[in-house]
Amino acid sequence: MISQALEKETHLKWVLFTFVFAVVAVFFTAIHPVTIISGDEWINLSSGRQAYPQWGGFNPIKVVPEVAFPLFGNIASSVVMPLGFTFLEAIAYLTAVLVALLVAAFLHQFYQLMRQTVGLSTYISSVLVIFYLLCLFGLFRTLNNNNSPYLLWEQNLTCYYHYVLPTLINGTVSLYMLRVSTELKHLFYEKPVFSGSLILAIYLCVFSNIFASVILAVMCGVVLLIDFIRNRFNIVSTIKALPFHCIALLMWIISALFEMNGGRADNMAKEHLDISGSVNALISLFKLTELTFFCVLSVGIICGIFFLFFRMSDASKACNFLVLIASGAITTLALILICAKASANYAYRPVAMWGTFMYLIVASSVGLGYLMERVKAVHYIAPIVLLCLVNKATDQYHSLRESHNGNVPFSVANAIGQDMINQVVNAVHSNQRTMILHVPKGGGYGNWPFPTTRGRQISETLKSNGLIPRNIEIKIQPDREMNAKYGMPI
């Protein structure tokens, strides 16, 4: 009977996470694809870096995004393009698959946390996975004219590799380490291959993005602090009990030192700490929360506090809920400070504040799970509540923001990018050594998002991905006629 139940749950999990993968993949391939549009993409696709932090570099700790982006660009051109896609389509669809895989991995760890650590049933855990999936797309769906942000939104393709991917990786590893904290001690000493793999995962988390790595660092710090207090302030016992958490926190401290001595930090050294601006930006983001989602999340937090602190006899479960609440609060404070130094507007970007919403949704889900487990009547209305959330997440009166500079759809970004590529390819095939590349007129500094300084990077990207056989000198000329032709705003 037990083996049959496990087999049934395994089949259910395959169906559930295949569905999760399909939803996200379809969203980023057919509904909101994201491709090359800005100067960021051209410079990042043509630039390589070492797979270790670089003291004094402009982005000293961004190992994952700056290694992954050009790598996946090459995979797109060499593996996906031969299937009949253009370079722009290939990188868009490959990115969609990558994001879908990471979302499925993240929600799988969330499911395991609900199922094994919290002790909820397969059905309740599955319902909560669907709830989290809906939060990813519907939590802020309150604006029209393609202005609603969502938890997986960023403003261009580069930012998906620099922000979205690191947050998903950090979220996945954080939930895993929270879920198996007590088991990791034995694995550290008995399974060196596994230990090396987990340390690599921690390395990729930490050396990815300061906004994302805070998620893991804070959770590890909170777990270590609680264990330190339990062990009557015996630091040696705490280190022995939680070696991976210590490694993660030590790596993060090292990464913070690298980041503080990097080129970007040097540029921001003269900026004042705009804490009030960051707080106001975060409040503005919270004000976009859709009412139905807000009510469900609030019920979850209230029920979590009630059940875990007044009706829960299992101290370990109460401790895990406390870790989620404390991690969420400290992560929010840390992210506000980071945004205050980098730019207050970062706090309005959901992915930059991912840690705040991740811990909020997970903590709320724990409360909702206990409510469904203890009050069976909730099972009768749960499908209706899910239907309402699906309705809000797909509401046609409110529309999601596009993932391209200028808030333009994929069709416009793809057409502009393909026009630019065609100009360069035609010039190379005509044996020209120099060319003038016409791009839309931009509204930012240096004609952003089509800067006039990216000619060399455009040539190098196209050559490294096999679209042209040799480099060509490119002089970029803004052209208002291209704005009119493709509907690109200035």
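- Counting heavy atoms of neighbouring residues, nucleotides and ligands inside a 6.0 Å radius, atom OH of Tyr123 exceeds 12 of them.
- In this structure, Ser78 contributes its side chain and Asn74 its backbone to a donor-acceptor pair below 3.5 Å.
- Looking at every heavy atom in both residues, Cys319 comes nearest to Ile226 through SG-CG2, 3.9 Å.
- Separation of atoms CE (Met81) and CG (Leu94) is listed at 13.0 Å; rounding is to 0.5 Å.
- Under a 3.5 Å cut-off, the side chain of Ser208 and the backbone N or O of Cys205 do form a donor-acceptor pair.
- Between Met358 and Thr331, every side-chain heavy-atom pair lies at or beyond the 4.5 Å cut-off.
- The distance between the ring centers of Phe28 and Tyr160 falls below 6.0 angstrom.
- Panel note: side chain Trp55, backbone Pro60; no donor-acceptor pair is recorded below 3.5 Å.
- Remark: Thr172 OG1 to Phe110 CZ distance equals 12.5 Å, nearest 0.5 Å.
- A donor-acceptor pair shorter than 3.5 Å cannot be found between the side chains of Ser403 and His32.
- For the residue pair Trp252/Ser213, the side-chain donor-acceptor check at 3.5 Å is satisfied.
- A donor atom on one side chain and an acceptor atom on the other are not found under 3.5 Å apart for Ser237 and Asn231.
- There is a side-chain donor-acceptor pair under 3.5 Å between Tyr161 and Thr95.
- Using a 4.5 Å heavy-atom cutoff, the side chains of Cys303 and Phe306 are not in contact.
- Taken from OG in Ser181 to CG in Asn320, the straight-line distance is 7.5 Å, to the nearest 0.5 Å.
- Side-chain atoms of Asn59 and Glu66 form a donor-acceptor pair, as typed in the model, at a separation below 3.5 Å.
- Ring-centre distance between Phe106 and Tyr132: below the 6.0 Å cut-off.
- Leu168 has its side chain within reach of Val103: a pair of non-hydrogen atoms, C-beta onward, lies under 4.5 Å apart.
- Here the side chain of Ser195 pairs a donor or acceptor atom with the backbone of Leu187 at under 3.5 angstrom.
- Annotation: Tyr189, atom OH; neighbour count of heavy atoms from other residues, nucleotides and ligands within 6.0 Å is above 12.
- A donor-acceptor pair shorter than 3.5 Å can be found between the side chains of Thr158 and Glu41.
- A donor and an acceptor atom, one from each side chain of Ser148 and Arg401, are nowhere located under 3.5 Å apart.
- Arg141 has no carboxylate O lying under 4.0 Å from a charged side-chain N of Glu290, or vice versa, which leaves the two without a salt bridge.
- When all heavy atoms are compared, the tightest approach of Ala393 to Leu134 is CB-CD2, 4.1 Å.
- Under the 3.5 Å distance criterion, the side-chain polar atoms of His404 are matched with a main-chain donor or acceptor of Thr35.
- Under the 6.0 Å distance and 45° angle rule, Arg349 counts as a cation-pi partner of Tyr163.
- For the pair Leu297 and Phe294, the minimum side-chain heavy-atom distance is 4.5 Å or more.
- A donor atom on one side chain and an acceptor atom on the other are not found under 3.5 Å apart for Asn146 and Asn407.
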Trace of the side chain to side chain contact (heavy atoms under 4.5 Å, CB included) decision for Tyr111 with Leu107: CA-CA 6 Å; Tyr111 173 90; Leu107 289 180; over 6 Å; no
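- Across all their heavy atoms, Asn209 and Ile61 have their closest contact at C-CD1, 4.5 Å.
- A distance below 6.0 Å separates the ring centres of Tyr203 and Phe207.
- Between Ala25 and Ala100, the shortest heavy-atom distance links the atoms N-CB, 3.7 Å.
- By the 4.5 Å heavy-atom criterion applied to side chains, Leu12 and Phe17 are not counted as neighbours.
- If you take OG on Ser464 and CG on Leu45, they are separated by 7.5 Å, rounding to the nearest 0.5 Å.
- Judged by distance alone, the side chain of Asp274 and the main-chain N or O of Ala344 form no donor-acceptor pair under 3.5 Å.
- For Phe19, the CZ atom sits in a loose shell: 12 or fewer heavy atoms of surrounding residues, nucleotides or ligands are nearer than 6.0 Å.
- Contact record, Phe85 with Val80: CD1-O, 3.5 Å, taken as the closest heavy-atom pair.
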Residue pair Phe72, Ile91: steps toward the side chain to side chain contact (heavy atoms under 4.5 Å, CB included) verdict: CA-CA 7 Å; Phe72 280 96; Ile91 197 165; 5.9 Å; no
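- Looking only at distances, no side-chain donor or acceptor of Arg115 sits under 3.5 Å from a matching main-chain atom of Val118.
- Using modelled atom types, no side-chain atom of Thr167 and backbone atom of Val351 make a donor-acceptor pair closer than 3.5 Å.
- Here the side chains of Ser126 and Thr122 are in contact, with some heavy-atom distance below 4.5 Å.
- Between Phe69 and His162, the distance separating the two ring centers is not shorter than 6.0 angstrom.
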Thr356 vs Phe286, side chain to side chain contact (heavy atoms under 4.5 Å, CB included): CA-CA, chis, key distance, verdict: CA-CA 11 Å; Thr356 297; Phe286 268 108; 4.0 Å; yes
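- In summary, the aromatic rings of Phe140 and Tyr150 are positioned with their centroids too far apart to meet the 6.0 Å limit.
- We find the NE2-CG distance between His245 and Leu216 to be 8.0 Å, quoted to the nearest 0.5 Å.
- In this structure, the side chain of Ser46 engages the main chain of Ile43 through a donor-acceptor pair within 3.5 Å.
- The CG atom of Leu225 sits 9.0 Å away from the OG1 atom of Thr238 when rounded to the nearest 0.5 Å.
- A side chain to side chain contact (heavy atoms under 4.5 Å, CB included) with Leu139 holds for exactly one of Leu285, Leu151, Leu288, Leu389; it is Leu151.
- Looking only at side-chain heavy atoms (C-beta outward), Ile124 and Tyr370 stay at 4.5 Å or farther from each other.
- A pairwise comparison of heavy atoms in Thr292 and Cys388 identifies CG2-CB, 4.5 Å as the closest pair.
- Side-chain N or O atoms of Asn170 include one that pairs as donor or acceptor with a backbone N or O of Pro166 at under 3.5 Å.
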Leu242 vs Lys185, side chain to side chain contact (heavy atoms under 4.5 Å, CB included): CA-CA, chis, key distance, verdict: CA-CA 6 Å; Leu242 298 164; Lys185 173 185 176 181; over 6 Å; no
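- Side-chain contact check for Lys13 versus Gln112: some heavy-atom pair is nearer than 4.5 Å.
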